[in-house]
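I have placed the structure first, in the form of structure tokens, so that the comments after it can refer back to it.
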2 protein chains.
Amino acid sequence: MSDVGIKDVAARAGVSPGTVSNVLNRPEKVSPATREKVEAAVRELGFVRHGSASTLRAGHSKTIGLSVIDIGNPFFTDVTAGVEEVASDLGYAVILSNSAGCRAKEERNLLVLAEQRVRGVLITPSDEDPARLDRLRERGISVVLVDHPAHRPDQCSVAVNDIGGGMTAVRHLLETGAKSIVYVTGPLTIRQCLDRRAGAERAFGRPLRVVEMGAMNPRAGQQAAEKLLGEGDLPDAVFCANDLLALGLMRGLTHAGVRVPDDVALMGYDDIDFAAASAVSLTSVRQPTHQLGRVATELLLDECDNPATHAHQQIMFQPELVVRESTR
Amino acid sequence: MSDVGIKDVAARAGVSPGTVSNVLNRPEKVSPATREKVEAAVRELGFVRHGSASTLRAGHSKTIGLSVIDIGNPFFTDVTAGVEEVASDLGYAVILSNSAGCRAKEERNLLVLAEQRVRGVLITPSDEDPARLDRLRERGISVVLVDHPAHRPDQCSVAVNDIGGGMTAVRHLLETGAKSIVYVTGPLTIRQCLDRRAGAERAFGRPLRVVEMGAMNPRAGQQAAEKLLGEGDLPDAVFCANDLLALGLMRGLTHAGVRVPDDVALMGYDDIDFAAASAVSLTSVRQPTHQLGRVATELLLDECDNPATHAHQQIMFQPELVVRESTR
DNA sequence: CGTATAGGTTGAAACGTTTTTCAGTGCTGG
DNA sequence: CCAGCACTGAAAAACGTTTCAACCTATACG
């Protein structure tokens with residue numbers, strides 16, 4: 001329990017505590033000679049700044065909060081990795097919380113973040129209600145929306161064009177000659193699923209046959225395959241709302257003797273690592289996930305560090321078609 | 001920037017700040033009537049405790065640190081999810097940091113955690129050097145090793161028996177009739193890779209042919225397939241150090257016309273979700289990842305909250321064989 | 001009726017920084 | 001040679017909570 005404070009360092013270096021603080025926070029304000037002395041004392045004593053004291057007095061912390069919907073989904077994992085990278089580079093700590101799609105848990109987590117006096121929050125909101133986030137902002141905590149476009153100009157957000165992505169996907173399927181297309185999706189309460197369908201139908205020109213599953217994992221995909229097979233008439237192509245569904249579906253079809261892409265073309269969404277690695281590699285729509293996390297964090301920290309010059313931005317990335325074997 | 005402090009609450013409720021603090025921290029010490037009044041004031045004013053002030057005075061925080069090697073690997077993601085669950089339930093915040101296998105970054109991250117005065121640290125160490133962790137412990141920060149057995153009795157750890165896992169894997173392959181077996185692995189500087197090989201060779205009775213790759217992802221697995229095919233003589237079975245390698249390998253083999261499991265049996269390790277979802281479902285060795293995270297966190301928080309009664313434990317989980325199509 | 005006792009509450013000190021004001025020092029230029 | 005200046009560093013006052021000793025006010029008991 002080594003308890004070296006700024007005072008001990010000051011004593012050792014023969015200066016005042018204030019000077020030590022200056023060396024730590026505004027090194028240019030202090031003469032090279034004293035700075036050197038202080039730095040030596042810091043090293044010798046193994047001094048580590050007490051973040052809480054610092055936060056308390058300075059009025060702001062070096063931490064940001066990150067609230068995601070499902071830490072288990074590779075999509076969010078990639079985003080998280082991007083966030084961590086940027087934050088860590090700038091000396092910020094990231095407090096991770098997982099809402100698991102549960103509103104109450106999200107609420108609790110946001111409270112914890114508020115107590116910790118995080119500098120700002122990156123959040124993939126689990127619903128559209130903006131009230132909670134407004135309450136954070138009233139407390140002086142900046143908020144940046146991740147994978148969710150902000151509908152207001154006083155708010156930063158980073159998202160990917162899901163409508164465009166849906167269009168791209170179906171356009172590609174049409175080009176490969178598909179006449180009948182099924183959309184396999186997770187719960188249509190999820191904005192992403194809805195938007196991708198909207199885009200898909202716009203490209204298709206009329207409503208698509210939809211198979212809606214309760215989850216968006218491989219298991220659900222396999223069940224979707226059984227459902228499709230059970231109904232009898234297989235479409236030329238299937239567009240899945242994410243890769244996990246698509247991979248499960250592919251397995252289900254393959255097992256029933258249906259060949260991909262010869263009998264049914266298949267595409268996913270997200271372009272997770274496993275999309276390229278599956279037996280028949282999966283055509284998908286790639287989202288710049290890592291970038292999403294990086295840019296969101298940069299926006300947030302800019303908003304925190306330069307509140308004067310900061311301009312709120314609603315950034316919309318364009319997804320990218322990645323053609324592989326499952327549609328050839 | 002609502003700035004409601006404990007004093008404002010006290011004023012509103014007509015009591016002293018000390019009493020408010022008692023209501024917050026030791027409700028049983030205060031009479032129901034006053035408690036009620038104070039709670040009402042808290043609600044009305046929207047008071048949120050200032051975590052830093054609290055930490056500063058009380059001497060300990062409500063945060064723990066989690067340092068993992070690769071946040072992108074589903075194994076660690078699962079562990080992280082388990083950690084977050086338990087911590088969040090007990091009101092602790094989790095500070096996430098990703099060492100990305102880089103020693104320097106791990107060092108920097110640990111410094112940040114020390115500055116934040118986290119209550120304890122969960123870490124998957126990127127190397128064997130215990131000095132860094134001892135320095136943390138000197139500072140009064142408890143440390144629990146995750147996926148890494150502690151070799152000392154004064155230290156908690158949670159790990160999975162990788163030697164046993166390796167034995168199980170090879171024993172199973174031998175039972176399916178394999179005579180020649182290749183071990184495809186990531187860098188043999190990684191303890192897990194080494195231990196699994198040790199176990200595998202113990203079950204095999206003599207050294208295995210080893211293909212060592214630089215990474216442990218699907219791409220590396222595919223390269224391993226090319227290497228294997230290039231060398232000419234295919235083994236009866238391949239044991240991969242993780243599922244990512246195995247999935248990549250499966251793809252590589254399948255593309256070259258080699259059938260799994262008819263020509264070559266294949267097993268992975270970790271039993272990630274995709275193992276069951278691949279075209280030919282993958283036999284694997286399941287690790288209780290989620291549980292790993294949960295138990296590690298419980299140990300850590302027990303050590304923090306009940307230092308008197310806490311008994312250090314080195315827990316070793318046993319992995320479990322999951323047989324699927326790739327070895328039938 | 002007075003005193004011990006216990007439960008509830010108060011008030012002020014303390015936690016380790018940052019920040020601001022202020023004093024001291026050595027220099028420059030008139 | 002002195003006034004004024006630039007620059008360093010010191011001292012003390014915050015920041016918002018927790019904690020602890022002291023202080024009440026009833027109640028119970030002798």
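To find a chain, count down the sequence lines: A is the first, B the second, and so on, and within it residues start at 1. Treat the numbers as computed from the prediction; the structure is a model and nothing was measured.
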List in chain and number order the residues that pass salt bridge (charged side-chain N to carboxylate O under 4.0 Å, His left out) with A/Glu36, two or more places apart in sequence or in another chain; answer none if no residue qualifies. none

Holding to salt bridge (charged side-chain N to carboxylate O under 4.0 Å, His left out), I want the full list of residues that pass it with B/Asp134, two or more places apart in sequence or in another chain. B/Arg137, B/Arg152

Residues in side-chain contact (heavy atoms from CB on, under 4.5 Å) contact with B/Asp302, at least two apart in sequence or another chain: B/Asn306, B/His310

Contacts of A/Val48 meeting side-chain contact (heavy atoms from CB on, under 4.5 Å) (sequence neighbours excluded), chain-then-number -> B/Leu111, B/Ala114, B/Glu115, B/Arg117, B/Arg139

Between residues 28-41 of chain B and DNA chain D, which residues have a heavy-atom gap below 4.0 Å? none

What residues, two or more places apart in sequence or in another chain, satisfy side chain to side chain donor-acceptor pair (under 3.5 Å) together with A/Thr34? A/Ser31

Identify each atom pair where a protein N or O and an N or O of nucleotides 23-28 of chain C are less than 3.5 Å apart, giving names and distance.
none

Quick check: does any side chain N or O of B/Thr77 sit under 3.5 Å from a backbone N or O of B/Ile71, one acting as donor and the other as acceptor? yes

Salt bridge (Lys or Arg N to Asp or Glu O under 4.0 Å): pairs with one or both residues in residues 88-112 of chain B, sequence neighbours excluded: A/Glu84-B/Lys105, A/Asp89-B/Arg108, A/Arg108-B/Asp89, B/Arg103-B/Asp127, B/Arg103-B/Asp129, B/Glu106-B/Arg132, B/Glu107-B/Arg135

Sorted by chain and number, sequence neighbours left out, side-chain contact (heavy atoms from CB on, under 4.5 Å) with A/Ser21 holds for A/Ile6, A/Asn25

Among all residues two or more places apart in sequence or in another chain, which pass the side-chain contact (heavy atoms from CB on, under 4.5 Å) test with B/His290? B/Ala81, B/Glu85, B/Arg294

Given the rule in the side-chain hydrogen bond (donor to acceptor under 3.5 Å, both in side chains) test, do A/Gln192 and A/Asp147 qualify, once you have shown the distances and angles that lead to the verdict? CA-CA 9 Å; A/Gln192 286 81 344; A/Asp147 197 32; 2.6 Å; yes

Side chain of B/Ser99, backbone of B/Val68: donor and acceptor closer than 3.5 Å? yes

Contact pattern, 5' to 3', of nucleotides 16-28 of chain D - B, S or - by protein heavy atom under 4.0 Å: BBBB---------

For the backbone of A/His50 and the side chain of A/Ser54, can you confirm whether one donor and one acceptor N or O come within less than 3.5 Å of each other? no

In degrees, rounded to 10°, what is the bend between the two ends of the helix from C/dC1-D/dG30 to C/dG30-D/dC1, using five pairs at each? 50°

